[in-house]
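Just so you know, residue 1 is the first one in the sequence shown, and it goes up from there.
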Amino acid sequence: MLGPRTFTFLGTGTSVGVPMVGCDCDVCRSTNPRNQRYRCAVLIGTPQGNILIDTPPELRLQLLRENVRLVHSVLFTHYHADHMFGLDDVRPFPRHLGGPMPLYCTEEVQRKILEVFSYAFAQGADQVAAGYLPKLIFHRISEEPFTVLGQRVTPIPLLHAHFDVFGFRIGDVAYCTDVNEIPARSWPLLQGLRVLVLDALRQKPHPGHLSLNEALDVVDRVKPERAYFTHMSHDLEHEATNRSLPPGVELAYDGLKFEF
């Protein structure tokens with residue numbers, strides 16, 4: 001569906017967040033709010049409602065900060081704790097939706113949700129009043145494009161160490177967090193982008209994430225009009241790192257928004 005859409009970074013931090021518990025480095029002690037990173041999630045605002053990508057542990061705080069009053073659907077990139085363990089925070093929404101929260105995920109992610117949030121699917125859970133337990137309904141996705149709230153969503157297969165994960169493309173924007181390698185079949189899905197949002201964990205290489213230089217190599221190959229880096233550790237100080245980046249490339253930060 002055509003119409004104004006917004007992209008909001010709810011969180012841009014790595015799995016332990018920034019500041020990291022027990023760390024006294026300059027970034028973790030920084031008073032610059034752009035160095036304070038909740039775990040990764042984004043919100044896509046569409047004419048038909050809000051699409052949430054991933055449910056990190058700080059989800060309630062993220063939604064309150066951005067004054068998000070309702071989420072209409074959730075997409076999952078993968079099942080790791082920093083992307084899934086805030087799912088219970090969608091509990092207030094189904095009573096306003098008039099039905100369960102739609103979850104778009106792979107079979108693998110669905111299995112993990114059923115395991116971790118088993119109380120939401122226990123016998124008799126469907127008889128519990130809305131608001132006491134999360135009311136959830138699964139929509140299985142594969143590598144084929146699908147439609148959510150009038151938006152065509154194209155999954156982008158990615159490798160995250162030995163895990164298979166998805167990025168998502170909506171229109172000319174692609175969101176690719178938690179990736180250290182882009183399979184050959186996925187490069188064509190990144191053609192013609194206006195905005196690429198990409199994992200860039202730290203300066204040094206990492207077995208499960210792109211380093212800053214590796215992310216820059218991807219940007220150089222894809223050539224989007226603009227690129228934002230996310231899933232960042234305390235190794236990347238916001239202002240200093242941005243000064244080192246080429247034009248059209250910058251670190252994202254919690255609360256950053258753009259229209260597309």
Side-chain angles (χ1 to χ4, degrees), residues 1 3-11 38-142 144-155 165-170 173 175 177-178 254-255 257:
M1 170 181 246
R5 295 170 292 191
T6 58
F7 187 109
T8 303
F9 289 91
L10 298 179
Y38 285 156
R39 268 66 72 91
C40 278
V42 299
L43 190 77
I44 309 295
T46 81
Q48 294 186 24
N50 291 320
I51 302 171
L52 175 66
I53 301 182
D54 290 336
T55 58
E58 296 96 349
L59 181 60
R60 171 181 164 273
L61 299 176
Q62 293 167 329
L63 296 176
L64 287 171
R65 184 194 69 214
E66 300 302 325
N67 195 30
V68 177
R69 303 184 66 83
L70 189 58
V71 169
H72 298 80
S73 293
V74 181
L75 279 56
F76 283 99
T77 60
H78 63 301
Y79 64 76
H80 287 171
D82 54 319
H83 293 260
M84 190 181 81
F85 274 23
L87 179 57
D88 191 86
D89 285 350
V90 306
R91 190 158 27 109
F93 298 135
R95 62 180 138 186
H96 302 294
L97 296 176
M101 174 65 70
L103 307 180
Y104 292 80
C105 62
T106 63
E107 180 181 6
E108 181 182 41
V109 173
Q110 179 176 335
R111 286 200 306 268
K112 288 295 182 181
I113 291 174
L114 290 170
E115 177 183 346
V116 174
F117 298 94
S118 58
Y119 61 89
F121 305 96
Q123 185 175 2
D126 57 340
Q127 303 302 313
V128 177
Y132 288 91
L133 289 174
K135 303 292 186 179
L136 310 167
I137 186 169
F138 292 103
H139 296 268
R140 187 79 54 79
I141 64 174
S142 63
E144 297 301 314
F146 58 98
T147 300
V148 181
L149 300 180
Q151 304 296 314
R152 177 181 170 88
V153 180
T154 300
V165 305
F166 274 156
F168 295 111
R169 177 172 181 161
I170 299 177
V173 174
Y175 179 68
T177 185
D178 287 59
D254 292 21
K257 298 178 175 65

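Listed here is the closest heavy atom pair of Pro4 and Pro47: O-CD, 3.6 Å. Looking at every heavy atom in both residues, Tyr175 comes nearest to Ala41 through OH-N, 4.0 Å. Pairing each heavy atom of Ala120 with each of Ala125, the nearest pair is O-CB, 3.5 Å. Taking all atoms of both residues into account, the shortest heavy-atom contact from Pro155 to Ser142 is CG-O, 3.3 Å.
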Do any side-chain atoms of residues 93-115 form donor-acceptor pairs under 3.5 angstrom with protein atoms, and if so which ones, sequence neighbours left out?
from	atom 1	to	atom 2	distance (Å)
Thr106	OG1	Val109	N	3.2
Gln110	OE1	Arg140	NE	3.1
Gln110	OE1	Arg140	NH2	3.3

Which pairs would a plain distance check flag for residues 67-77, meaning a side-chain donor or acceptor within less than 3.5 Å of a matching protein atom at least two apart in sequence or in another chain?
from	atom 1	to	atom 2	distance (Å)
His72	ND1	Asn50	N	2.9
Thr77	OG1	Asp54	OD1	3.3
Thr77	OG1	Asp54	OD2	2.7

Under 3.5 Å, sequence neighbours excluded: what are the donor-acceptor pairs made by side chains of residues 84-92?
from	atom 1	to	atom 2	distance (Å)
Asp88	OD1	Tyr119	OH	2.7
Asp88	OD2	Arg91	NE	3.0
Asp88	OD2	Arg91	NH2	2.9
Asp89	OD2	Arg60	N	2.9
Arg91	NH1	Gly131	O	3.1

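Note on residues 39-50: pairs passing salt bridge (charged side-chain N to carboxylate O under 4.0 Å, His left out), not counting sequence neighbours, are Arg39-Glu58.
Two residues are said to be in side-chain contact when any heavy atoms from C-beta on lie closer than 4.5 Å; Lys135 and Val128 meet this criterion. Residues Leu43 and Glu66 fail the side-chain proximity criterion, which asks for heavy atoms closer than 4.5 Å. In this structure, Ile51 and Phe168 have side chains that are not in contact, with every pair of non-hydrogen atoms separated by 4.5 Å or more. You'll find the side chain of Leu52 reaches within 4.5 Å of the side chain of Leu10, heavy atoms only.
At distances below 3.5 Å, at least one donor-acceptor pair connects side-chain atoms of Thr46 with backbone N or O atoms of Gly49.
The CG atom of Leu149 sits 9.0 Å away from atom CD1 of Ile170, with the distance rounded to the nearest 0.5 Å. Rounded to the nearest 0.5 angstrom, Asp178 CG and His78 NE2 are separated by 3.5 Å. For the atom pair Tyr38 OH and Asp82 CG, the distance stands at 15.5 Å (nearest 0.5 Å).
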Could you walk me through whether Thr177 and His83 pass side chain to side chain contact (heavy atoms under 4.5 Å, CB included), step by step? CA-CA 10 Å; Thr177 185; His83 293 260; 3.9 Å; yes
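Every residue two or more places apart in sequence or in another chain was checked for a side chain to side chain contact (heavy atoms under 4.5 Å, CB included) with Gln127, and none qualifies. Residues satisfying the salt bridge (Lys or Arg N to Asp or Glu O under 4.0 Å) test with Asp254, not counting sequence neighbours, are Arg65.
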